[in-house]
Each structure stands twice: as C-alpha cells, then as structure tokens.
Amino acid sequence: TRSDNAETALFNLIRGSGGEGLRGIPPVRGRIIRPLLEVGGDEIREYLLTLGQPFVEDSTNRSLDYSRNRIRHRVMPELRQINPQAEAHISGFCGRLRRDTDYLEQAAADLLSAAREDDFLRVERLHGQHPAILTRALRQYAAESGLTLDARQTEVLCGLLRQGGGRRELPAGFAAELLKGRLYLLSPTGQTENTTLSLKLCSKHKIHNLLLKNAIDYDRIGDNLQIRTRRAGDAFTPAGRGCRKSLKKLLNEAAVPAAARDTIRLLCDEEGVLWVEGFGPDARCAVTESTETVLLIGFDDISGGSHNA
C-alpha cells in the first residue's frame with residue numbers, strides 16, 4: 001500500500017540508504033505486481049468494513065519491538081500532524097525518484113559498456129563523468145561479480161580512480177586494482193574455475209619426495225581447514241628459508257603479476273596460512289623425518305584429469 005511505501009522509504013533513509021532504497025517499493029518486480037501501491041492502508045480497511053468483509057491483520061504489526069512498526073505508529077502520525085498529505089507526498093517522491101534513477105542507471109550501463117575491455121575497465125573512459133553516473137557504473141560493475149557495494153565502498157573505488165593507481169580491499173575477499181590505466185575487480189576465487197583442490201591423507205613413506213612441495217604434516221595443523229585466496233595481513237614462512245614474510249612481499253619478490261595474485265590458493269587453519277599454491281608449505285607444518293601422516297594437496301581438473309603440482 002501507499003502506507004507501506006512511505007514507511008519503507010523512511011526506514012531506508014534512516015538506515016543510510018542511497019537513491020535505490022529511497023525509491024520505496026517497486027510497483028512491478030518480475031512477476032510481482034502491486035496494484036494497490038497508491039492506495040492508503042486506512043482506505044483499504046475502511047473499504048473492507050463498508051463491504052462487511054472480514055480481514056485478518058498480523059498481530060505483530062502493533063508490536064513496537066520492530067523498527068518498522070515504530071515508524072508506522074509513532075513517526076507517521078507525527079508527520080500527518082504537520083501535513084495530512086505526508087504519506088501521499090512521500091510516496092509520490094518515491095515514484096519521481098524511481099523514474100529519475102531508472103534514467104541514471106541506464107546512463108551508467110552505457111558508460112560501463114563503453115569502458116569495458118575484456119576483464120577490465122579503461123579508466124580514461126571513466127574520467128570526467130558525473131559522480132551520479134560514475135558511482136552507479138562502478139556498482140553495476142561490482143554487481144556483475146556478485147559484490148554489492150554501499151556508498152562508502154563505492155567512494156573507495158572513486159578514490160582509487162582519482163589516485164591513478166593502487167589497490168583497495170573490498171568486502172567478501174574482493175579487491176580492486178588500478179594498473180596502467182586499467183581497473184580490475186579481483187574476485188576471491190580468482191581464475192580457478194577449471195580446477196579444484198583435493199586433500200588426501202597418506203603415510204609419508206607412500207609419497208615421492210618430489211611431491212613434498214604439496215604435502216604438509218597432518219599432525220601439526222589445526223582444525224577448521226579453509227581453502228581461500230589471499231587476504232590483507234596474510235604472512236608466510238616458506239619451508240627451508242626460515243624467514244617469515246608477508247604474502248604480499250613474497251609475491252612481489254617472485255614477480256607474480258598483480259592481476260594473477262588473487263588467483264593463488266591458500267590452505268589455512270585457525271593460526272594462519274599452511275600452504276601457498278606454487279610456493280609450498282609453511283615451515284610450521286612442513287614434512288620432516290618425524291612426520292607420520294601426510295596431507296597431500298592435489299589439483300583435480302574439472303574436465304576429468306587430476307595431478308599433484
């Protein structure tokens with residue numbers, strides 16, 4: 001109803017929402033159509049009473065334990081005291097904003113299409129764009145990878161564009177990197193779609209020495225194993241080197257291309273990194289003479305093959 005629409009817009013405003021949240025409830029979303037969105041809740045109840053039509057109201061609608069209900073029973077009555085048409089005006093504002101936002105979103109989609117090349121955006125094509133268009137284009141770009149950016153995180157990307165180069169960490173393990181005029185959005189899974197990691201327990205005596213780079217001492221690792229890509233603060237002591245380094249420094253020294261660094265998989269436990277793809281095990285869990293049980297890390301090709309690298 002119009003009442004729900006006004007309450008939704010106010011609730012989103014208080015939460016700090018941008019234009020998307022202030023649009024209120026969409027009249028059409030996929031197969032869902034809301035024909036009564038411009039009709040007030042009181043009008044509907046009065047109409048049903050006129051018809052003598054019984055109706056049921058959710059008992060929780062009157063509970064002030066919910067923020068939405070406090071807006072309905074405390075805020076909206078005060079606003080109607082200021083202007084009896086407050087509810088209608090808020091709902092009308094939502095409709096106008098929805099119309100304007102639709103135009104901006106389309107303009108942002110056009111910009112994104114013009115800036116896109118392969119797996120990056122040409123930064124030169126983003127320069128000089130109005131912030132209302134640019135921020136929407138960046139959010140659309142992130143959304144394609146399943147990442148939702150709020151206003152603060154979008155501004156982080158805008159700051160990266162103004163700086164002209166660098167890297168910014170984003171939520172859910174994502175990162176943005178600007179390099180030589182190209183903006184990359186690096187996903188937490190990187191480019192590992194064609195292979196998966198497999199873990200196998202075996203006796204130390206049953207593996208060849210050449211496989212030790214992808215083997216760790218099972219009895220020296222913790223619980224809750226996790227396979228992931230790098231995160232800020234990750235550190236690693238390569239077995240046999242005796243020198244602990246940040247993973248960032250290790251990858252720099254190995255001249256791993258920046259765009260490929262988020263494709264490298266790590267095996268971790270509660271204490272940190274156990275193994276780094278291409279670099280081997282951490283010193284704390286490397287296989288030694290006293291090792292009895294080995295956890296062997298293999299690569300399974302989704303297309304059918306498997307190997308230990």
**OP:** Verify side-chain contact (heavy atoms from CB on, under 4.5 Å) between Arg70 and Val75, making sure each step is shown before the conclusion.
**Re:** CA-CA 7 Å; Arg70 290 201 292 274; Val75 177; 6.0 Å; no
Subject >> Arg122 (side chain) donor-acceptor with Ala115 (main chain) under 3.5 angstrom >> reply: no
Original post:
Any side-chain donor-acceptor pair under 3.5 Å between Thr148 and Arg139?
Top reply: no
Subject >> Least distance between heavy atoms, Ser145 atom then Phe174 atom >> reply: O-CZ, 3.4 Å
Original post:
Should we count NZ of Lys248 as having more than 12 external heavy atoms under 6.0 Å?
Top reply: no
**OP:** Start with the C-alpha gap between Arg265 and Leu267, add the side-chain angles, then the distance that decides, and say whether side-chain contact (heavy atoms from CB on, under 4.5 Å) holds.
**Re:** CA-CA 7 Å; Arg265 289 165 289 189; Leu267 180 65; over 6 Å; no
**OP:** Identify the two heavy atoms, one from Gln153 and one from Pro171, that lie closest to each other, and give their separation to 0.1 Å.
**Re:** NE2-CG, 3.1 Å
Original post:
Quick one: does Pro27's side chain get under 4.5 Å of Arg98's, heavy atoms only?
Top reply: yes
Original post:
If you group Ile, Leu, Val, Met, Phe, Trp and Tyr by side-chain heavy-atom gaps below 4.5 Å, do Leu201 and Ile297 land in one group?
Top reply: yes
Original post:
Going from CZ on Arg96 to OG on Ser91, what distance comes out if it is rounded to the nearest 0.5 angstrom?
Top reply: 9.5 Å
Original post:
Counting only N and O atoms by type, is there a donor-acceptor contact under 3.5 Å from the side chain of Ser3 to the main-chain atoms of Gly41?
Top reply: yes
Subject >> Donor-acceptor contact below 3.5 Å, side chain Glu253 vs main chain Leu250 >> reply: no
**OP:** Please say whether more than 12 non-hydrogen atoms of neighbouring residues, nucleotides or ligands are located less than 6.0 Å from CD in Gln81.
**Re:** no
Original post:
More than 12 non-hydrogen atoms from neighbouring residues, nucleotides or ligands closer than 6.0 Å to CZ on Arg68, yes or no?
Top reply: yes
**OP:** Return yes if some donor-acceptor pair links the side-chain N/O of Ser113 with the main-chain N/O of Ala109 below 3.5 Å, else return no.
**Re:** no
**OP:** Can you measure from CD (Gln129) to CG (Leu161) and round to the nearest 0.5 angstrom?
**Re:** 11.0 Å
**OP:** Report yes or no: do Asp217 and Thr291 form a side-chain donor-acceptor pair below 3.5 Å?
**Re:** yes
Original post:
At their closest point, which heavy atom of Ile133 faces which heavy atom of Ala107, and how far apart are they?
Top reply: CD1-CB, 3.5 Å
**OP:** Provide the closest heavy-atom pair for Leu178 versus Gly164 in the form atom of the first, atom of the second, distance.
**Re:** CD2-C, 3.4 Å
Original post:
Just how far is it from atom SG of Cys94 to atom CG of Asn12, taken to the nearest 0.5 Å?
Top reply: 9.0 Å
Original post:
Among the clusters formed by ILVMFWY side chains lying less than 4.5 Å apart, do Leu104 and Leu112 turn up in the same one?
Top reply: yes
**OP:** Evaluate the side-chain contact (heavy atoms from CB on, under 4.5 Å) criterion for residues Asp219 and Glu292: first the C-alpha distance (whole Å), next the side-chain angles of each, then the deciding distance (0.1 Å), finally the verdict.
**Re:** CA-CA 8 Å; Asp219 297 315; Glu292 295 183 1; 4.3 Å; yes
**OP:** Flag the pair Arg45 / Leu48 as yes when at least one side-chain heavy-atom distance between them is below 4.5 Å, and no otherwise.
**Re:** no
Original post:
Same cluster for Leu111 and Val123 if Ile/Leu/Val/Met/Phe/Trp/Tyr side chains link at under 4.5 Å?
Top reply: yes
**OP:** Nearest 0.5 Å please: distance from the CG atom of Asn5 over to the CG atom of Leu37.
**Re:** 4.5 Å
**OP:** Return yes if some donor-acceptor pair links the side-chain N/O of Arg125 with the main-chain N/O of Ala114 below 3.5 Å, else return no.
**Re:** yes
Original post:
How long is the gap from CD on Glu43 to OG1 on Thr1, to the nearest 0.5 Å?
Top reply: 9.5 Å
**OP:** Take Glu155 and Arg162, measure what salt bridge (charged side-chain N to carboxylate O under 4.0 Å, His left out) needs, and give me the verdict at the end.
**Re:** CA-CA 10 Å; Glu155 180 54 34; Arg162 290 192 295 268; 2.6 Å; yes
Original post:
Do Leu51 and Leu49 sit in the same hydrophobic cluster, where Ile, Leu, Val, Met, Phe, Trp and Tyr count as joined when their side-chain heavy atoms come under 4.5 Å apart?
Top reply: no
Original post:
Can Leu79 and Ile90 be said to form a side-chain contact (heavy atoms from CB on, under 4.5 Å), step by step?
Top reply: CA-CA 10 Å; Leu79 293 179; Ile90 294 172; 4.2 Å; yes
Original post:
Is there a side-chain contact between Asn252 and Arg261 (heavy atoms, below 4.5 Å)?
Top reply: yes
**OP:** Just jot down the salt bridge (Lys or Arg N to Asp or Glu O under 4.0 Å) partners of Glu87, sequence neighbours excluded, or say none.
**Re:** Arg2, Arg80
Original post:
Can you name the residues that form a salt bridge (Lys or Arg N to Asp or Glu O under 4.0 Å) with Glu38, not counting sequence neighbours?
Top reply: none
Original post:
If you take all heavy atoms of Ala239 and Ala286, which pair is closest and at what distance?
Top reply: CB-CB, 3.7 Å
Original post:
Can you check whether Asp282 reaches Leu274 side chain to side chain, under 4.5 Å on heavy atoms?
Top reply: no
Original post:
Do the side chains of Ile227 and Leu225 join up, straight or via other hydrophobic residues, at under 4.5 Å, putting them in one cluster?
Top reply: yes
Original post:
Less than 4.5 Å apart, any side-chain heavy atom of Leu160 and any of Leu183?
Top reply: yes
Subject >> Main-chain N/O of Arg284 paired to Arg220 side chain as donor or acceptor, under 3.5 Å >> reply: yes
Subject >> Short side-chain to backbone donor-acceptor contact, Ser63 and Asp65, under 3.5 Å >> reply: yes
Original post:
Got more than 12 heavy atoms from elsewhere within 6.0 Å of OH, Tyr103?
Top reply: no
**OP:** Mind checking the CG-OH spacing from Asp262 to Tyr184? Nearest 0.5 Å is all I need.
**Re:** 12.5 Å
Original post:
Should we count OH of Tyr218 as having more than 12 external heavy atoms under 6.0 Å?
Top reply: no
**OP:** Taking the side chain as every heavy atom from C-beta outward, state whether Leu170 and Leu157 have any pair of such atoms under 4.5 Å apart.
**Re:** yes
Subject >> Validation row: Leu266, Val276 side chains within 4.5 angstrom (heavy atoms) >> reply: yes
Original post:
What heavy-atom pair brings Cys158 and Leu138 nearest, and what distance separates the two atoms?
Top reply: SG-CD1, 3.9 Å
**OP:** Examine distances only and state if a side-chain atom of Gln140 and a backbone atom of Glu105 form a donor-acceptor pair shorter than 3.5 Å.
**Re:** yes
Original post:
Taking NZ, NE, NH1 and NH2 as the nitrogens, is one of them in Arg23 or Asp102 under 4.0 Å from a carboxylate oxygen of the other?
Top reply: yes
Subject >> Beyond-backbone contact of Leu186 with Arg167, side-chain heavy atoms, under 4.5 angstrom >> reply: yes
